[in-house]
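Below, all heavy atoms of this structure are taken into account, side chains as well, without hydrogens, waters or symmetry copies. Sequence lines set the chain letters: A, B, ... in the order given, protein chains first and strands last, and positions in each chain run from 1.
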Protein chains: 2
Amino acid sequence: MEKADRMAHQDDSISLLKQKGLNPTPHRVMVLGILGNSPSPLSPQEIFATLQRFHPMNRVTLYRILEVLVAHGLVERIQSGDKAYRYGLNAQSPHAEHPHFYCSHCGGIQCVHAEGIHVQVEDIQKTFPGLIQKMEIRLDGICKNCLRNHKQKKTGNA
Amino acid sequence: MEKADRMAHQDDSISLLKQKGLNPTPHRVMVLGILGNSPSPLSPQEIFATLQRFHPMNRVTLYRILEVLVAHGLVERIQSGDKAYRYGLNAQSPHAEHPHFYCSHCGGIQCVHAEGIHVQVEDIQKTFPGLIQKMEIRLDGICKNCLRNHKQKKTGNA
DNA sequence: ACCTTTATGCAATTCAGTTGCATTATGGTG
DNA sequence: CACCATAATGCAACTGAATTGCATAAAGGT
């Protein structure tokens with residue numbers, strides 16, 4: 001990646017943080033930058049590993065930064081399908097509700113952009129006594145890559 | 001609950017286990033019975049606590065039994081919204097896809113039976129390169145009870 | 001510079017879940 | 001019945017993610 005691009009991304013992160021009244025510390029900028037550069041949500045471990053390469057930081061600090069970013073709406077947190085959260089940038093535009101696909105083989109997560117998914121939360125809310133704040137649709141299965149790699153080996157039952 | 005009911009449930013559990021070729025051990029029958037009596041999915045901790053009252057067993061044994069039950073399709077495992085799984089009986093009839101509601105305040109889970117939820121997995125599958133095996137819709141929010149308790153605090157009503 | 005607040009680091013802890021291995025049923029065969 | 005094989009359970013120790021408490025460093029305001 002060109003240096004100018006990185007700088008631009010950094011500026012983006014900085015202004016995002018400032019918009020939310022958050023101190024744009026180097027650590028926060030880095031975390032936000034990593035999330036912004038990723039096409040899919042990342043686990044804290046993945047973020048942590050990426051950080052180690054250029055900008056090592058304490059695990060706890062990462063958790064706390066993610067916590068702050070989520071609390072201020074800069075980052076979305078979704079169920080991963082195993083036992084951990086994944087983090088990704090919140091779209092600035094009204095966040096289009098889309099399913100996430102979780103590969104039970106490699107543990108990877110993908111965003112699924114599909115028409116035909118129109119769940120009317122409002123309709124549910126009409127009859128549901130609690131307060132619905134968020135909806136998450138998760139698809140479980142085997143991703144394209146694992147499917148391909150698996151086809152030859154796959155023999156017999158599991 | 002009447003003794004006859006309990007016995008009937010026990011018989012149910014036993015025959016379910018036998019149907020799947022599983023040894024209907026007392027522990028397994030107990031776990032299945034607890035799940036069958038619960039209107040909503042339970043965490044291993046909740047199941048464990050219930051077991052302690054009449055039928056104490058080792059944590060590990062519970063985990064292993066749940067594992068076996070899930071593997072044989074007797075029990076469904078869903079994401080809880082915090083970090084743990086919840087377990088519930090699989091409906092014998094073709095399991096109607098329904099959302100689960102997760103209360104971020106008390107951590108409770110409820111099944112939501114709502115019309116107006118018609119996600120066409122088949123439509124997604126047409127354009128999605130991976131293999132979709134399962135879909136989960138999770139609603140997050142505040143449940144009726146927590147909502148009420150929360151209002152009471154705010155308004156001072158008792 | 002001084003002090004307060006904020007951000008980060010480090011060590012220790014929690015908690016769910018898992019693994020390895022010993023022990024106890026259970027079932028089948030001679 | 002004795003004997004062995006297997007399945008089921010228990011116990012202890014371990015893992016890995018996440019959290020907490022407290023110490024230290026950095027940033028901001030007067």
For B:Lys144, side-chain contact (heavy atoms from CB on, under 4.5 Å) partners two or more places apart: A:Pro129
Atom-pair distance (CE on A:Met30; P on C:dT8), nearest Å: 13 Å
Between P of C:dA16 and CG of B:Leu66, the distance in whole Å: 14 Å
Spacing of B:Phe48 atom CZ relative to C:dG17 atom C1', expressed in whole Å: 13 Å
Whole angstrom value for the distance that separates P of C:dG17 from CD of B:Glu46: 11 Å
Rounded distance in Å - CD (A:Gln45) to C1' (D:dA18): 9 Å
Pairs touching residues 18-70 of chain B that satisfy ring pair (Phe, Tyr, Trp, His ring centres under 6.0 Å), sequence neighbours left out: B:His27-B:His55
A:Gln133: partners by side-chain contact (heavy atoms from CB on, under 4.5 Å), with sequence neighbours left out: A:Leu131, B:Ser104, B:Ile142
Heavy-atom check, side chain of A:Phe128 versus side chain of B:Val112, under 4.5 Å: yes
Residues forming a side chain to side chain donor-acceptor pair (under 3.5 Å) with B:Glu67, sequence neighbours excluded: none
Qualifying residues under side-chain contact (heavy atoms from CB on, under 4.5 Å), relative to A:Ser15, sequence neighbours excluded: none
Produce the list of close N/O pairs, under 3.5 Å, pairing protein atoms with atoms of nucleotides 7-12 of chain D; give distances to one decimal.
| unit_1 | atom_1 | unit_2 | atom_2 | d |
| --- | --- | --- | --- | --- |
| D:dA8 | OP1 | B:Arg28 | NH1 | 2.7 |
| D:dA8 | OP1 | B:Arg28 | NH2 | 3.2 |
| D:dA8 | OP2 | B:Arg28 | NH2 | 3.4 |
| D:dT9 | OP1 | B:Thr25 | OG1 | 2.8 |
| D:dT9 | OP1 | B:His27 | ND1 | 3.4 |
| D:dG10 | OP2 | B:Asn58 | N | 3.1 |
| D:dG10 | OP2 | B:Thr61 | OG1 | 2.7 |
| D:dG10 | N7 | B:Arg64 | NH2 | 2.9 |
| D:dG10 | O6 | B:Arg64 | NH2 | 2.9 |

Short side-chain N/O contact to C:dG17 OP1/OP2 from B:Tyr63, under 4.0 Å: yes
